Amino acid sequence: MSHLDHLDQLEQQSVYIFREAFRHFERLCMLWSIGKDSTVLLWLARKAFFGHIPFPLVHIDTSFKIPEMIAYRDRLALEYRLQMVVGENRAVLDSGRTFPGTQHLPEGHPDRVSRVDCCGSLKKDALVGTLNGTLPRQRLDLDTGRYALDPDREPYHGVIVGARADEEGSRSKERYFSPRDRNSEWDVGDQPPEFWNQFKTDFAPGTHVRVHPLLDWTELNIWEYIKREGIPTVSLYYDQGTGKRYRSLGCGPCQLPIDSTARNVDEILVELRSGKLRNIAERSGRLQDGKHGLEELRREGYM
Amino acid sequence: MSAARPTGPAAGPLPVGPTQQPDQERDRQQMNVVVVGHVDHGKSTVVGRLLADTGALPQGKLDAVRRECQRTGKPFEYAFLLDALSDEQDQGITIDTARCFFKTAKRDYIIIDAPGHIEFLKNMISGAARAEAAVLVIDAKEGVRENSRRHGYLLAMLNIRQVVVCVNKMDLAGNREADFRDIEEQYRRFLTEIGAVAPRLFIPVSALLGHNLAARGESSLSWYRGPTLLESLDALTKAPHKTDQSMRMPVQAVYKFSSHGDERRIVAGRIESGRVAVGDTVVFSPSNKSTTIKTLEGFNTRPRDQIEAGWSTGFTLAEEIYVTRGEVMSHVQRPPLVSTRFRANLIWLSKKPFEKGRDYKLKIHTTAVAARILKINKVIDASEARSDLARESVKRHEVADLVLETRQPIAFDLSSESEATGRFVMVDGYDVAGGGIIVEAVSDANAEFRDEARLRDFNWVRGGVIVEERAQRFGHRPALLMLVGRAGSGKHRYARALERALFAEGRSAYMLDGTNVLLGVDRDLYWVDATQEELVRRFAEVAHLMLHAGLIVVSTTNAIGLADYGQVQALIPDFTSLVIDVDPEGHSVAPCDLRIRGSEPEAEVIARVRELLLARHITSV
């Protein structure tokens, strides 16, 4: 094996980060959103641990995910024998205080829930509660293929996340290992220094560290890697004959597909390299992001 | 994970091996470049303008920022394109480093925009520490300022050898060549004084107007005939792969995923320099253990029989020797240095100063060890290159030339010879508080014995049974339990009780009494003027043989005390040694693994030693 090409370099750094995280955090988990980035992350974990994934994967289910995503999640979980843990904000879902279901109400109506507030409770609060153990977790039983209440309610201290710096402004400021305080909040103005490959692996009780192995990857790198490694992806990313495909995956009601006739990984690579999508932000189909919406959510604990 | 099937590298229903079709786009080079300089000298404007002029911004972004500026009554600045956070937009300064991406025909760039405000020096360092090259921006009107110098110094310390200096805001300074040359001369002189590598190039630019960044300047800068910033970035070279240097692989972990149905025992880490092949004999430092590489492991990769610098990989070994994280794998001919002392250049970033007389956590490659300041040679004000000789601590944002001492010996290199094993950080509490590079090896009192042990271990003639096989048979790994304390403290009584208790539970334990070594092995020393060192040396060598035989050696002697422990440890680097200090007076403060008063019942001491053996993986094989 000779010199490393650019994908090798990205891959090797990610592998190094994975191994450091696994070494330093006894309570380690990885967020899996089913999207292309966190699925590449899953693959890199198998690279780092020689085919194994020695920690649980956490998925936050808003109940508004596109059904194919959930089917794909469980299929892969059973195939790879993953320790699959699912969390949700059941109280808010039961109360109906969500954007879907109240969106028909006029602006300013007291019962109307904005997209950002909906993300705040179904994703951010659900994530924070699932990670610190204040909300119940469901765990996949690999023998029966069913989810059951997870007896483990201990907090996770290390959380591996698939955030990339090129996605969005505030993500470009993350470290590979970024601390979150007791309230899962991110003090982006006062982050510890990160020298070379010496990461922040010491943390105060009650706090946790977010680990970002994909920070230096771009959207193009992700698809190049999916192509090179033959990583299975959910079909929502491809045009199924409607002239549309999803570029970024979230909840059905807040996610718009883009105009594209790319039917497979090769055609997506052609499309990305052509510059056709250069003028459209990757998350522009995510209707909740808005002006400072995502930054606020992220400071408070969103992924 | 509950029931799982084996998933070896070739298992699983998914495609195996990378796809092989040629793809020109695939092998585009990527380079990380950090942009540094004094606050307000225009770093973010340089970056913003580069992004705009290379078409890296989404359409409409520029207009949106212009409209926002009009709405709020602020003059438009390219820097706003980068200020990702609302705080940064409000204050108009970069707080933390941001990564941005753009490409030229030649390669893809990750540009790291580092803050210039002194308050955010730690963020500047975080950005610069992962860069391969730097652009340093100096304001043509203000000239060389405090952080121009400080950043230049730090780039040199971080070993960033490719630096391009942009003298910015030339338009505001009248575009005069003489001013530009003055700044160039002044800054070159500063870099020469501190011994830094000379910058490749000085370029007069106006970031706001886009002169000499992506495109050539207007006629008023026509006296400058050199390359634009973009051209000079494309002319930078990737650091050569470190394959020709001595091989170094710090052990990151030893994996055995038996519960996942995988029996491979894999020593994992990144090859930081050099190359290694299946069949090579390798040694691990500081333990001096050696064996040969049996296989190279990977997931979804082609089988290979050699690997080189840059790869995070894993090996199985011909013999299942016990190695742990923090050891450095090398070839036997060129091993790393091992010591408890080294001289370093360090930058301190924490508000709490770095003080003498206190322990900190030192992290170097994959090891972490307690360390403290042995001596501060000088503290340097990096913004002035002035130094201060008599100092007891290093304060925030200061650079020091100092000697550090670690509690246990560690393997390392000079940073000039091997970057990854020659640089370290200091942790105070929960946070990285400073970082540095090793510039000189400093020998400690036991250097001579460490050399003796290395020579001995590298030439050790092996029997037909290795230590780890004995450990399997005996159900425990060998270890030296060294009881120390003054005569009459009760250590002999505890040693006998420990030997008896360990033996009773099936351990292969032996009590080594120092008197017996004196009576035989040391008999000749009675007649000569024997030194304490020679007594300790012989004692340790006797213990070393017993450890090779797989025993738990419980030693007790009046002749050898806690002060000699460092020498004992230097002579048996390949086995665990634990020191139990029996201290009736309670005066002893030197580090040890267990301290007792001598009044404790034997059963209590036995129980505590059992815990210790378990925690140190002696009895939990």
Side-chain angles (χ1 to χ4, degrees), chain A residues 1-10 12 15-16 19-20 22-23 46-54 79 81-83 142-143 165-166 169-170 172-173 175 188-189 191-198 200 202-204 215-216 218 224 227-230 232 269 273 278-281 292 295, chain B residues 1-5 7-9 11 13-15 18-19 25-30 58-60 84-87 95-101 110 122-123 125-126 129 241 252-253 255 257 260 262 264 266 268 270 297 299-300 304 307 310-312 314 325 349 363 423 425 427 430-432 435:
Chain A
M1 178 69 59
S2 60
H3 83 286
L4 294 86
D5 67 25
H6 74 286
L7 281 185
D8 294 329
Q9 280 178 17
L10 290 167
Q12 297 303 303
V15 164
Y16 191 87
R19 290 178 180 166
E20 287 300 291
F22 183 50
R23 160 73 192 194
R46 301 176 85 203
K47 287 265 178 184
F49 305 110
F50 303 94
H52 308 286
I53 299 186
E79 192 173 314
R81 311 292 292 175
L82 303 176
Q83 307 171 53
L142 294 172
D143 296 326
D166 79 324
S170 67
S172 74
K173 305 264 172 182
R175 304 277 199 260
V188 61
Q191 303 192 71
E194 194 166 73
F195 278 85
W196 308 303
N197 280 324
Q198 299 296 351
K200 180 176 173 66
D202 300 273
F203 54 95
L215 213 51
D216 292 337
T218 62
E224 288 172 328
K227 159 84 178 158
R228 183 179 96 171
E229 297 286 321
L269 285 171
R273 286 173 183 151
R278 203 192 68 214
N279 294 331
I280 308 156
H292 290 311
E295 183 185 335
Chain B
M1 193 175 283
S2 58
R5 63 176 166 202
T7 41
L14 292 155
T19 49
E25 283 283 331
R26 244 200 63 190
D27 202 12
R28 280 182 63 83
Q29 214 179 55
Q30 204 158 29
Q59 195 171 36
L85 305 166
S86 33
D87 285 355
I95 290 173
D96 207 331
T97 49
R99 291 167 169 80
C100 348
F101 300 77
I110 299 183
K122 64 188 164 99
N123 299 343
I125 298 252
S126 305
H241 293 283
Q252 208 175 356
Y255 296 126
F257 296 107
H260 299 221
D262 185 346
R264 290 174 297 170
I266 300 173
R270 174 155 66 190
E297 299 292 332
F299 168 76
N300 205 41
R304 45 181 129 171
I307 198 155
W311 292 94
S312 288
R325 179 180 162 100
L349 296 166
K363 286 169 79 178
R423 57 198 187 186
V425 297
V427 179
Y430 299 116
D431 279 326
V432 170

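Letters go in sequence order (proteins before strands), and every chain restarts at 1. Computed from a predicted model, the values in this text were never measured in an experiment.
Residues that satisfy the side-chain hydrogen bond (donor to acceptor under 3.5 Å, both in side chains) test with A/Gln198, not counting sequence neighbours, are absent from this structure. Applying the ring-ring contact (aromatic ring centres under 6.0 Å, His included) criterion to A/Phe195, with sequence neighbours excluded, gives no partner residue.
In this structure, the portions of B/Val432 lying under 4.5 Å from any heavy atom of chain A include both its backbone and its side chain. With a 4.5 angstrom heavy-atom cutoff, A/Leu10 touches chain B only via side-chain atoms. Of the atoms belonging to A/Tyr16, heavy atoms from both backbone and side chain fall under 4.5 Å from chain B. With a 4.5 angstrom heavy-atom cutoff, A/Glu20 touches chain B via backbone and side-chain atoms both. With a 4.5 angstrom heavy-atom cutoff, A/Phe22 touches chain B only via side-chain atoms.
Classified by interplanar angle (parallel below 30°, tilted 30° to 60°, perpendicular above 60°), the ring pair A/His52/B/Phe257 is tilted.
A donor-acceptor pair shorter than 3.5 Å cannot be found between the side chains of A/Asn197 and B/Arg423.
Considering every non-hydrogen atom in both B/Ser126 and A/Pro193, the closest pair reads OG-CA, 3.2 Å.
Summarising the geometry, atom CG belonging to B/Asn123 is positioned 4.5 Å from atom CZ belonging to A/Arg175; distances are rounded to the nearest 0.5 Å. Here CZ of A/Phe50 is found 11.5 Å from CZ of B/Phe299. Values are rounded to the nearest 0.5 Å. Taken to the nearest 0.5 Å, the CZ atom of B/Arg325 stands 5.0 Å off from the CZ atom of A/Arg23.
B/Trp311 has its side chain out of reach of A/Val15: every pair of non-hydrogen atoms, C-beta onward, lies at least 4.5 Å apart.
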Original post:
Step by step, would you call B/Val425 with A/Glu194 a side-chain contact (heavy atoms from CB on, under 4.5 Å)?
Top reply: CA-CA 9 Å; B/Val425 297; A/Glu194 194 166 73; over 6 Å; no
